[in-house]
Amino acid sequence: MILDGKCPKGPIQTSWDRHRFDLKLVNPANKRKYKILVVGTGLAGGAAAASLGELGYNVEAFCYQDSARRAHSIAAQGGINAAKAYPNDGDSIYRLFYDTIKGGDFRAREADVWRLAQVSNNIIDQCVAQGVPFARDYAGYLDNRSFGGAQVSRTFYARGQTGQQLLLGAYSALSRQVKAGTVKLFARTEMLDLVVVDGEAKGITVRDLVTGEIRTHVGDAVVLATGGYVNVFYLSTNAMGCSVTANWRAHKKGAFFANPCYTQIHPTCIPQHGEHQSKLTLMSESLRNDGRCWVPKAKGDQRPPAQIPDEDRDYYLERKYPSFGNLAPRDIASRAAKEQCDDGRGVGPGGRGVYLDFADSIKRLSEGTIRERYGNLFEMYEKITDENAYKVPMRMYPAPHYSMGGLWVDYNCESNVPGLFVLGEANFSVHGANRLGASALMQGLADGYFVIPYTIANYLAKTKPGAVKADHPECKKSVEDIKANTQKLLSINGKKTVSEFHRELGKIMWENVGMARSEESLKDALKKIPVLREEFWKNVKVTGGPGELNQQLENAGRVADFLEFAELMTKDALHRNESCGGHFRVEHQMPDGEAKRDDENYCYVGAWEFKGVGKEPELHKEPLTFDNVHLAVRSYK
Amino acid sequence: MSAHNAQTMTLTLHVWRQAGPNEPGRLEQYEAKNVSPDQSFLEMLDEVNEELIKAGKDPIAFDHDCREGICGMCSQVINGVPHGGQERTTVCQLHMRTFKNGDSIYIEPWRAVAFPVQKDLIVDRSNLEKIMQAGGYTSAHTGGVADGNAILISKIAADYAMDAAECIGCGACVAACPNGSAMLYTSAKVAQLAALPQGQVEAAARVTAMADALTEAGFGNCSNHYECQAACPKGISVKFIARLNREFQKALFK
Ligand SMILES: Cc1cc2nc3c(=O)[nH]c(=O)nc-3n(C[C@H](O)[C@H](O)[C@H](O)COP(=O)(O)OP(=O)(O)OC[C@H]3O[C@@H](n4cnc5c(N)ncnc54)[C@H](O)[C@@H]3O)c2cc1C
């Protein structure tokens, strides 16, 4: 099937304004008759639930943590982009649009990206009005910093805790709606199934994580804002509870999964220290504003960094990409780091690390200035590594961080299942094959505050409120299926723990479907994943019972889904016989090692339809056209 | 380069186990073996749990998520101190290098009337939500707000607001307070918004509503012990409590 993103035609500059006028409206008196289920309370879901509640809809919001405020958006450090052009340095909506399309290696839809750039400015205003304490200069104006893949300073920030502050802004708006009675919150509640009635999304089946109760909530539309799936690699910068479960269960009920192979490996994370490690910690990209990446020029140079003189150092990003330098985009910076380490010039334990050095900036600006800019990051680095980065350079290595792929949605953020909308990191829409720094926060809030409030009305206006009741046979069936699945997990009583399976899966994925992928490595993974999955269902040990707070059971369900999803992700990577952005196929590179796209054959979104576990999924294509940006080789030299 | 200590430790853990909210709880003893100094406290507990699961026993339930000190999910009292007593550190950022081979460690849940235990180390903190819902916001509508630079905010005010806004809502302040008060938590939000022009319009109504909610939710009174500040993993200062009191006084005379 050829998919249609339903993008507005005509000049892109006015596309969103024209589209908004064409969308149907629900009149104010009718809004409260509609119930909307919002799964996820991160930037995307929190902003959506608050805004929809304020419009007068009847909203129920769900999250697996004990509070809406703890969604993993809270961990974002560096900042959020907007095309305000306050510094007068040449920025514009067009430039943010252009940078994002180019940064994504020409694998995103132009119309969606334009809208994102356009509403980016409203986001900053909205957050300021909520009381988000963005950094200010001494005159009281908003301050900016730079992020990768851009030559302008368009990133707004709140110390090293921008995600926290933006999320707390959304959470406070949400709290206000809870008090107003428009939003009902269900914390410690995990969505385990999508209820589809006559082809449309009308409910979700959840497990109460405290009592173990499994029940269905029905509504007139479902919004998924459940975040990313890079925990498929086991070790990543995501929170322990981040999973593909909500997305995957919706996929099994008919929603197409787009570009699952597009994953982002972030260049600056604290290197792994041992076998028992549970997660990897990101050090914000903003550090590359003032930190310089280098490795020794000579292989196996064991001297402490301070004793390696400048002429024996290779500032490899500055050397390879003089115009962007240390602020080269993430996919490129990650591959460059790996290249240095593969070449035997890595530093630290096992040679899997590069230096991120602040000595020059400290000399130029003073330690106090660096502390003011990144104090909390230096503190976190010291807690984890026991090293003082004001004195010795940080050691960094790339780590799985973000998923550009996600459920397929059209321009209205609606999936191919009518009534199912997908927002934030959970959808695939704007970042193409590589996301630029500070653009995920922007997307989450754009989708939640400024897109879904308009587009969901267009769907609701065509439906009768309350059409599906909780006793509908599809609801009962869904509850029975989930109960049976839970029982099955608990009854296996095998020998290996859930974490052991997750770790093994992660190893397969990191080695075969990680930063460098080849036909051979992908085919190898496609052999190993089903074997591991089969073993899981025979040999996993899940303790405890179904009707209680049972973290092993929660985790088992998530890992079971990763074991299915991993296969789709690998298949997508194998089918995409080109390199683009974060998807690097070693067979396809330029003579200098850069990613080599194949626009003739792969300039499309690959959206997969589920056909059964272990069965061949069906590929649907949405061709991408570029009318406003010239399809060109991406260069940061 | 840091001392990458290859030497591992053996520790004796005394962990609070409680099957459910209405079940009796008790301390149980476990041994943590082969603990690496580079491991985090939660990674140490992960390993203990792996052993328990393999032995067919119920693993220790504890809250955790981001494991980078910002989500506020982790909540353990370690050797009598919320988050373990290392300055400005959550449990997930506490590393085993701060312990010695042979140490005994006592691990308990947050203890406060307003935080009933749900299981083992997991407590119900939904009472904190009620305080936020009472008034922890500006009533800005989505859309239709002024340009971000139309409101100038001095760097001093912005920094002060940010100092308060760093609160992660973990509840350590409540757990540390002899009265089980959530005053530090509440004051941080009141002070953040009171310091900003956007928040001043509703300042009086906010402080009154939030203070009422604090009492209604069953938190104790503040009697200036300042244990909260010492336990706070983000270093939130008690000066915000003074600010709350001032805002409260102002509200009374309005
Ligand atoms: C360490 C780190 C630093 C980052 N720094 C930046 C940065 O500086 N700038 C930037 O732009 N981006 C950054 N990012 C990326 C950005 O933070 C995320 O992409 C973005 O916040 C995702 O928001 P979201 O709302 O889509 O999902 P999330 O914030 O992950 O929220 C997901 C929500 O869904 C809920 N949920 C998930 N599954 C279920 C289920 N099955 N049932 C019920 N609820 C469920 C969760 O409880 C949660 O409420 C960073 C990411 C990380 C990990």
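We name chains A, B, ... by the order of the sequence lines, and we start the count at 1 in each one. What's counted below: heavy atoms across the whole structure, side chains too, no hydrogens, waters or symmetry copies.
Under a 4.0 Å N-O distance rule, the pair B:Arg206/B:Glu247 does not qualify as a salt bridge. A salt bridge does not link A:Asp143 with A:Arg136: every distance from a Lys NZ or Arg NE/NH1/NH2 to an Asp or Glu carboxylate oxygen is 4.0 Å or more. By the 4.0 Å N-to-carboxylate-O rule, A:Lys279 lies close enough to B:Glu68 to be salt-bridged with it. For the pair A:Lys383 and A:Glu379, the salt-bridge criterion is met [side-chain N within less than 4.0 Å of a carboxylate O]. With respect to A:Glu382 and A:Lys391, no salt bridge is recorded, no charged nitrogen being found less than 4.0 Å from a carboxylate O.
Heavy atoms of B:Ser126 lying under 4.5 Å from chain A are absent altogether. Proximity to chain B is limited to the backbone of A:Ala139, based on heavy atoms less than 4.5 angstrom apart. Contact annotation for B:Ile153: both backbone and side-chain heavy atoms come within less than 4.5 Å of a heavy atom of chain A. With a threshold of 4.5 angstrom between heavy atoms, A:Phe450 approaches chain B through side-chain atoms but not through N, CA, C or O. Of the atoms belonging to B:Ala19, not a single heavy atom falls under 4.5 Å from chain A. For chain B, no part of A:Gln177 is nearby; none of its heavy atoms comes within less than 4.5 Å. Proximity to chain B involves both the backbone and the side chain of A:His276, based on heavy atoms less than 4.5 angstrom apart. B:Ile168 touches chain A through backbone and side chain together, each having a heavy atom under 4.5 Å away. Residue contact with chain A, scored on non-hydrogen atoms closer than 4.5 Å, is absent for B:Lys130. Only the side chain of A:Lys84 comes within contact range of chain B, judged by heavy atoms closer than 4.5 Å. For a residue to count as touching a neighbouring chain, one of its non-hydrogen atoms must lie under 4.5 Å from one of that chain's; by this rule B:Val123 touches chain A with the backbone only. With a 4.5 Å cut-off on non-hydrogen atoms, B:Arg97 touches chain A through its side chain but not through its backbone. Heavy atoms of A:Gln552 lying under 4.5 Å from chain B belong exclusively to its side chain. In this structure, chain B has a heavy atom under 4.5 Å from the side chain of A:Gln77, while its backbone stays farther away. Heavy atoms of B:Asp124 lying under 4.5 Å from chain A are absent altogether. For chain A, the nearby parts of B:Ala61 are the backbone and the side chain; heavy atoms of each come within less than 4.5 Å. With a 4.5 angstrom heavy-atom cutoff, B:Glu47 touches chain A only via side-chain atoms. With a 4.5 Å cut-off on non-hydrogen atoms, B:Asp163 touches chain A through its backbone and its side chain both. Using a 4.5 Å cut-off between heavy atoms, B:Ile131 makes no contact with chain A at all. For B:Asp46, the part lying under 4.5 angstrom from a heavy atom of chain A is the side chain only. In this structure, chain B has no heavy atom under 4.5 Å from any part of A:Leu55. Both the backbone and the side chain of B:Thr89 come within contact range of chain A, judged by heavy atoms closer than 4.5 Å.
Taking A:Arg70, A:Glu54, A:Lys496 one by one and counting their heavy-atom pairs under 4.5 Å with chain B, the maximum is reached by A:Arg70. Of the listed residues (B:Ala146, B:Ser154, B:Pro197, B:Gly69), the one with the most heavy-atom contacts under 4.5 Å to chain A is B:Ala146. Contact count against chain A (heavy-atom pairs under 4.5 Å) is highest for B:His141 among B:Arg88, B:Gln93, B:His141. Per-residue counts of heavy-atom pairs under 4.5 Å with chain A were compared for B:Gly144, B:Ala157, B:Gly148; the largest is that of B:Gly148. Your options are B:Gln39, B:Gln86, B:Met44, B:Lys189, and the one with the most heavy-atom pairs under 4.5 Å with chain A is B:Gln39. Counting heavy-atom pairs under 4.5 Å between each of A:Asn550, A:Thr543, A:Asn388 and chain B puts A:Thr543 at the top. Put simply, of B:Leu42, B:Thr138, B:Ile156, B:Thr142, the one with the most heavy-atom pairs under 4.5 Å next to chain A is B:Thr142. Ranked by heavy-atom pairs under 4.5 Å with chain A, the list B:Ile122, B:Leu128, B:Leu196 is led by B:Ile122. Most heavy-atom pairs under 4.5 Å with chain B: of the set A:Asp137, A:Leu174, A:Leu168, A:Val498, this distinction falls to A:Asp137. If you tally non-hydrogen atom pairs under 4.5 Å between each of A:Ser499, A:Gly169, A:Gly241, A:Pro133 and chain B, the highest count goes to A:Pro133. With respect to chain B, the highest number of heavy-atom pairs below 4.5 Å among A:Val128, A:Asn493, A:Ile124 belongs to A:Val128. In terms of non-hydrogen atom pairs under 4.5 Å with chain B, the most contact-rich of A:Lys541, A:Gln130, A:Arg159, A:Gln65 is A:Arg159.
A distance-only check finds a donor-acceptor pair linking the side chain of B:Arg125 to the backbone of B:Cys170 [under 3.5 Å]. In terms of modelled atom types and a separation under 3.5 Å, the side chain of B:Asp120 and the main chain of B:Arg17 share no donor-acceptor contact.
Taking the centre of each ring, B:Phe41 and B:Phe62 stay at or above the 6.0 Å mark.
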